Colleague: 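One structure, pasted below without further comment.
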Amino acid sequence: MAETTAATGRRIAFARLRDLALIPAIIAIAIVGQLVSPVFLRGDNLINVLQTMSEIAILVLAQALVLIVKKMDLSLESTVGLAPGVAAWLTVPVGAGHGLGLLPGGWSVPVTLAVGVLVGVINALFIIRFGLNGFIVTLGMLIVLRGILTGISGGQTFFRLPASMLYLGTEQWLGMPVSVWLCLILFAAGIVVLGFTSFGRSLYAIGGNVDAARAAGIRTGRVLWIVIVTASLLAALSGLLLSGRLASVASAQGNGYIFTVFAAAVIGGISLNGGKGTMFGAFTGILLLFMIQNVLTLAGVPAQWIGALNGTIILIALALSRVTGGKAQD
Amino acid sequence: MAETTAATGRRIAFARLRDLALIPAIIAIAIVGQLVSPVFLRGDNLINVLQTMSEIAILVLAQALVLIVKKMDLSLESTVGLAPGVAAWLTVPVGAGHGLGLLPGGWSVPVTLAVGVLVGVINALFIIRFGLNGFIVTLGMLIVLRGILTGISGGQTFFRLPASMLYLGTEQWLGMPVSVWLCLILFAAGIVVLGFTSFGRSLYAIGGNVDAARAAGIRTGRVLWIVIVTASLLAALSGLLLSGRLASVASAQGNGYIFTVFAAAVIGGISLNGGKGTMFGAFTGILLLFMIQNVLTLAGVPAQWIGALNGTIILIALALSRVTGGKAQD
Amino acid sequence: MVATPPVVEATGVTKRYGSTVALHEAAISIDQGQTHALVGRNGAGKSTLVNVLTGLQAPDEGTVTFAGEPAPRLTDRDAWRQRVACVYQKSTIIPELTVAENLFLNRHDHGRSGLISWKTVRRKARELLDTWSVDVDVRLPAGDLDVEQRQFVEIARALSFGARFIVLDEPTALLDAAAITRLFGRIRDLQQQGVTFLFISHHLEEIYEICDVVTVFRDARHVLTTAVGALPRAELVAAMTGEAAAETAGARRVPDVAAAPVLEMTGVSLAGAYEDVSLRVRAGEIVGLAGAASSGRIAIAETVAGLRAATGGVVEIAGSLSQPGSVPAALRAGVGFVPQDRHHQGYVAQMSVADNGTLTIPDRLGRAGFIDGRRRDGLARAMIGKLAIKTPGPELPVSGLSGGNQQKVVMARALANDPKLLVLINPTAGVDVRSKEFLLGKVGEIAESGAGVLVASDELDDLRRCDRVLVVFQGRVVAEMPRGWHDHQLVAAMEGVDLDG
Amino acid sequence: DSGAGGGATVVGVDYPRSDTDFWNSYIKYTPESAKELGLELKTTNSQNDVAKLTANVQTFISQGVKGVAMAPQDTAAIAPTLEQLAAKKIPVVTVDTRPDSGDVFMVVRADNRAYGEKACRFLGAKLGGKGKVVMLQGDLASINGRDRTEAFNDCMKSNYPGITVLGEATNWDGAVAAQKLQTDLTANPDVKGVYMQSSFALSGTLQVLKQKDLLVPPTDPKHVFIVSNDGIPEELKNIAEGHIDATVSQPADLYAKYALQYLKAAIDGKTFSPGKTDHDSTIVQVRDGLLEDQLSAPLVTADGGTFDGVPSLKHDDKSLWGNKLS
Ligand SMILES: Nc1ncnc2c1ncn2[C@@H]1O[C@H](COP(=O)(O)OP(=O)(O)OP(=O)(O)O)[C@@H](O)[C@H]1O
Ligand SMILES: Nc1ncnc2c1ncn2[C@@H]1O[C@H](COP(=O)(O)OP(=O)(O)OP(=O)(O)O)[C@@H](O)[C@H]1O
Ligand SMILES: [Mg+2]
Ligand SMILES: [Mg+2]
């Protein structure tokens, strides 16, 4: 019996540890980074890291929500481009900026978010209402949405964006970029909602066993709708920040992000089988990836070897988190 | 009792239908294609379609095997580039071809396949031996392998490949490209093995319920090893065909293929939850995607709208297959 | 007495799945304070009725009323939960979540901040489990609990809503004797407090023990409703099966004590599970393994079947050393195996009856690893006939069968390779009385035909058929009982009480 | 050491991508030029992603570089970054692309429109003003690609109305290019010319033609005329072998050399004004405050002839960077 209690203790410890699984890896990277270049731990550099990761981090947050209810949303990466793209298309004056100038600039932010919601609703309709497989639906949507952006932009980049679109991406509050604030606030909110509200817990219940959740009186359909639409809305917001920071919307904005997003979420301990993982873990996941990139940049690694190193370090981080965090990967 | 048998009858009918779910969509596309351009149904054009899809089709075959045992292998897309890349690197003479010229040309094919096997073994070690999550392991591998190719090639394209590497990608047998023959033969083999051998059946058993499979005396570990390594080997072969057809290995060879591969497999009725789907279905999946592309090209659709159209048609095909094939998407 | 409307009344309820008719014009009416038994063979529609009565599914036709008022909308889950609590047949435990959270899912305690106060939740959970004397750490993921503990979490949760009407769908199928006694004790308390029960079980003696009214379903239809006392067991079985029950007598010729042993375990141990187990099963002999939850009996059986590798000792099957921890080796040595939990280890749900039945004998299906479809279906049809599996054909996915028939498929697979030694774990769990009689009869025949049988089971009915029963207590074989023991003796031994000493 | 205190002046160079032959030549040349000019290099790679580029520039700033050379593939999105650098008084030289807004010390590029123009005139001359040509475009999202496309189309419309252009977007992917070319050749067997906007499609194109028995010497009436772009060694070889007919040689070496020279000049406080330069190119003022040194990107052919007024260099001309690679 003695071993069993010991085992029990260990199991519980592991369950806790899972959230912190990446901390050792992050510390390791930080040390290496500082050795590589004294710039690394300087405030401005750390803020750089946070700022450049903020938009993708919000995508990770969104994807994490969807994964926890055992769905997937690949189309997020296209929403990042399309939502601000449509807004720019409608508000940017005809001419150099390649827009139509149909709406006054003030409309750009509402339009961006509206597009996000619309995409979410379409996804939800396909997945929840018609019961199609989420992976393939959102894969289709990914292609469609990206295609639409290429279509309306003719492959060109929208710029001369209205001021309201630039604000979030460019302003600073208390010496820290707004996007960083937003990112941190959203994750804090995510941690609270998922960890300490009945709504948040219902996500885990649904991801763990949807029938059981229904039996326990959770309105699974409604929760799923909320999650899927929220995810798209967050993607639109992330796109807004990104195009604000770059003061433009490239027709390829967001392409290929989804890989990073999944890597971050899963390394961060979010399970693809639903019902597992925390927002804090997801945050450490994306933080780790961007710290690695920053260190590689500071180290001035030869251009053609960055990819290989990056991947290798990810794999090591993965193995590390596996060791410290128990079966963090399942 | 009567109803029950009726129900059963239908269930089985559905199960059969699932394989044929895409046939209506394919016929529809064929008709549209013929209306768009009389060239479409001409033999040489159809052979074009088959030839250009042959390499990715082999990837779909590989991925389907992995999905049926309820795993995933994202790294296939990088193996497509790395395997022939390494071979070229070692065999192509120094100079314009950017090689090292360490080995005689005859070695190129064996080296390519060997690299494929090696990659498979590494994946299998991580996934089966260390029990890491397949998605994230192979995602890491995808990045590492792509990075290694960029590294050894210095990002440049290998030209002047040895004749033995070109053979499969360029030769014709009985007026049809070798790659097409290979693709068809492999799928035929796949259909037979999965449908009519106990090994194939053990794949479905493992994907459906691994514990039951183990309790029934199936050597699950061994089967998984074989599947994962075979998948990588097939990817290497696919890469060999591709670089043969293009008489070169670009450092970006294979990038982004994985999306198409998954789309084809899942549209073709392969379930991401394992244990479901047939090789024939997978084949119709990839065939459909490439027919769509071919029609769009023949139709001379304005470049900027191709993406949107492509995605929309995929979504429609999906809905269609859902209608005809029952819950083909689960 | 005042005529209060029944707590719940369902009339003319029809429910179809596809064109399978699960319920046809079924009706049930449960009065205040009753403990109402619902019995019927596998697939009779009991669980479907439960789904309708608990608002998980709307009936295609028919009405459900609670205390005379129409049932709430399906989406109004809270209204349903005030009216009825339920332990479903299918587990509603969420493995990833902690025990505490599973107990208070969707009714967490909120602190003043409006946020969940996990401390309170954990405290309440611990208190709740203590009242059931279930000793598990509530911070553990529920997935780490063993079957019995999980079942108790389900029961504790259902009974903690304070609902006046409680549905129990086969709550005892996964419990051992001691646990069942505990459960019944609690049910009796609640009966005192006037709580109404709908109780479903395939153990008819339980019906007679705690129920006052029984309703019988057959082939999706309501057959009869009457006071339990007024319906002797034989007639009850007849009503369920639609034919006069032939109570098979347990008369078996005494096995030949000189027969060669087909299983010889000497000093076998598995760290953490059991220690120094020695036992022998002779050809033609049926040996039972009894024990309380987590006693190790199942670990022992699984070791023989090759699912677990013993850490010490020797296992000989049919005279030859068995390779530890290898199921294929065990199969080759002539072991037929029915695993503990059919859903978890028994069959591949979306594969056909034929494929599941022949999974262990690929070499018999054709040459060079190929499968001859005709031969496979031939073998499958033979099994279907031999075990009277109720299926339209060998190509039906096992997921389409009802519980009892699924278990028959698993049994058929165990018999497929004409085993010299048959290892059965809870072979009749969740199987209706008729199928149970049938399966156990088959086991008898197998033994007659010269195979040895090792049965590790919670069900006294299974053990009663054994020539000897070995009692496992905390990982050690503590007693051996020849055929003819009394239930209380065995139960006592399983609890570690020595009556004779 | 962040470089600030170091002996040599530290400059940052961001490479736009490392997966094309052309840019890898640029990557190879840059350190050499830096050594010649005695500059200390910090290099980054933005892998064709402007978001990465801005991040990299942030890093440069933290590392205290005195000047930045970059090749923003998205000429609109770079504006905020340029403002930031301007605010920090860090001079910028852009290579290959011209920012749509924002000031830089100098733009070093060869005019992409000129590429398309030259290709168009060569094919026009060879086809005698009639027939069909396939244009294998790059990625619609690439400004350089679009310049080449537009220039080629405009030139064809105005000078060779008899020539129909079949444009195909290829995402700079050789396999896609081959696939679409194959389809086009099937639908239009009478295609007489191919314009590849980059060398990525080179060998794939040749393979398709080979499969269709169209890979024949220019003397043969079946010959399909091929103009490539970039001027990598492999193209020059193929011209010599008569497989392709021409290419436009992008001056990768000059990009590296003059980017760093202008950067050094800027740091040393030199200034420039429009007019001829010492390296037979001209500095033009493209908009006020924005100077552009337009390096020459010669057309390269087998015989070095002149086609509808476009002069060309012979494939083995020593001045071509493709012939200088060791
Ligand atoms: N979700 C479902 N889809 C299709 N058929 C179903 C479903 N649920 C039940 N059935 C069928 O309805 C019939 C009644 O099933 P039900 O589970 O109610 O029987 P039961 O009396 O509970 O059997 P058991 O005693 O084994 O639990 C069976 O034929 C079963 O196969
Ligand atoms: N391989 C193992 N390693 C460590 N501990 C084990 C192992 N197998 C079983 N145990 C533990 O040993 C005890 C007996 O295991 P087992 O599962 O056989 O109990 P059981 O007889 O099956 O009881 P139950 O009726 O709950 O299944 C349990 O506490 C179980 O958790
Ligand atoms: Mg039931
Ligand atoms: Mg057990």
Side-chain angles (χ1 to χ4, degrees), chain A residues 72 74 78 122 126-127 130-137 139-156 251 255-256 258-260 262-263 265-267 271-273 302-319 321-322 327-330, chain B residues 72 74 78 122 126-127 130-137 139-156 251 255-256 258-260 262-263 265-267 271-273 302-319 321-322 327-330:
Chain A
M72 274 194 187
L74 304 176
S78 299
I122 296 173
F126 272 114
I127 297 171
F130 306 149
L132 296 179
N133 171 290
F135 179 91
I136 181 65
V137 165
L139 180 53
M141 286 296 279
L142 177 148
I143 303 170
V144 176
L145 301 180
R146 184 179 294 170
I148 293 177
L149 179 55
T150 320
I152 62 176
S153 69
Q156 302 191 323
S251 69
N255 284 15
I258 204 68
F259 277 113
T260 318
F262 267 97
V266 181
I267 291 180
S271 163
L272 297 173
N273 307 325
Q304 57 274 63
W305 286 108
I306 283 190
L309 261 167
N310 194 358
T312 317
I313 299 177
I314 291 180
L315 272 180
I316 295 172
L318 168 70
S321 68
R322 157 80 164 157
K327 306 190 89 273
Q329 269 62 48
D330 309 6
Chain B
M72 275 194 186
L74 304 175
S78 299
I122 297 174
F126 273 115
I127 297 171
F130 307 149
L132 296 179
N133 171 288
F135 179 91
I136 181 63
V137 165
L139 180 52
M141 285 295 281
L142 177 149
I143 302 169
V144 176
L145 300 179
R146 184 179 294 170
I148 294 177
L149 178 57
T150 321
I152 61 174
S153 69
Q156 305 194 321
S251 68
N255 284 14
I258 205 68
F259 279 113
T260 319
F262 267 98
V266 181
I267 290 181
S271 163
L272 296 173
N273 307 325
Q304 76 209 63
W305 287 109
I306 283 190
L309 261 168
N310 195 358
T312 318
I313 300 178
I314 292 180
L315 273 180
I316 295 172
L318 169 70
S321 69
R322 155 84 163 154
K327 306 191 88 275
Q329 270 63 50
D330 309 4

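What you see is a predicted model; the values in this text were computed from it and never measured. To find a chain, count down the sequence lines: A is the first, B the second, and so on, and within it residues start at 1. Excluded from the calculations below are hydrogen atoms, water molecules and symmetry mates; all remaining heavy atoms, backbone and side chain alike, are included.
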Colleague: Provide the closest heavy-atom pair for Ile267(A) versus Ile136(B) in the form atom of the first, atom of the second, distance.
Modeller: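 Smallest interatomic distance, heavy atoms only, reads CG1-CD1, 3.6 Å.
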Colleague: Quick check for you: among Ala263(A), Pro302(A), Gly134(A), Ser251(A), which has the greatest number of heavy-atom pairs under 4.5 Å with chain B?
Modeller: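 With the most close heavy-atom pairs to chain B, the winner is Ala263(A).
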Colleague: Between Phe262(A) and Leu74(B), is a side-chain contact (heavy atoms from CB on, under 4.5 Å) present by the stated rule, with each step listed?
Modeller: CA-CA 12 Å; Phe262(A) 267 97; Leu74(B) 304 175; over 6 Å; no
Colleague: Give the table of side-chain donor-acceptor pairs shorter than 3.5 Å for residues 147-154 of chain A, with sequence neighbours excluded, one pair per line with atom names and distance.
Modeller:
{"unit_1": "Thr150(A)", "atom_1": "OG1", "unit_2": "Arg146(A)", "atom_2": "O", "d": "2.8"}
{"unit_1": "Ser153(A)", "atom_1": "OG", "unit_2": "Leu149(A)", "atom_2": "O", "d": "2.8"}
{"unit_1": "Ser153(A)", "atom_1": "OG", "unit_2": "Thr150(A)", "atom_2": "O", "d": "3.4"}
{"unit_1": "Ser153(A)", "atom_1": "OG", "unit_2": "Gly155(A)", "atom_2": "N", "d": "3.0"}

Colleague: May I ask you to name which of Asn310(A), Leu309(A), Ile258(A), Ile143(A) has the most heavy-atom pairs under 4.5 Å with chain B?
Modeller: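 Most pairs with chain B among the choices: Ile143(A).
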Colleague: Kindly give the heavy-atom pair with the smallest separation between Val137(B) and Leu315(A), and that separation in Å.
Modeller: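 Distance-wise, the nearest heavy atoms are O-CD2, 3.9 Å.
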Colleague: At a heavy-atom separation under 4.5 Å, does Leu142(A) approach chain B through its side chain, its backbone, both, or neither?
Modeller: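 Looking at Leu142(A), just its side chain touches chain B.
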Colleague: Out of curiosity, Thr312(B) OG1 to Met141(A) CE, how far, rounded to the nearest 0.5 Å?
Modeller: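 Spacing of OG1 (Thr312(B)) from CE (Met141(A)) equals 9.5 Å.
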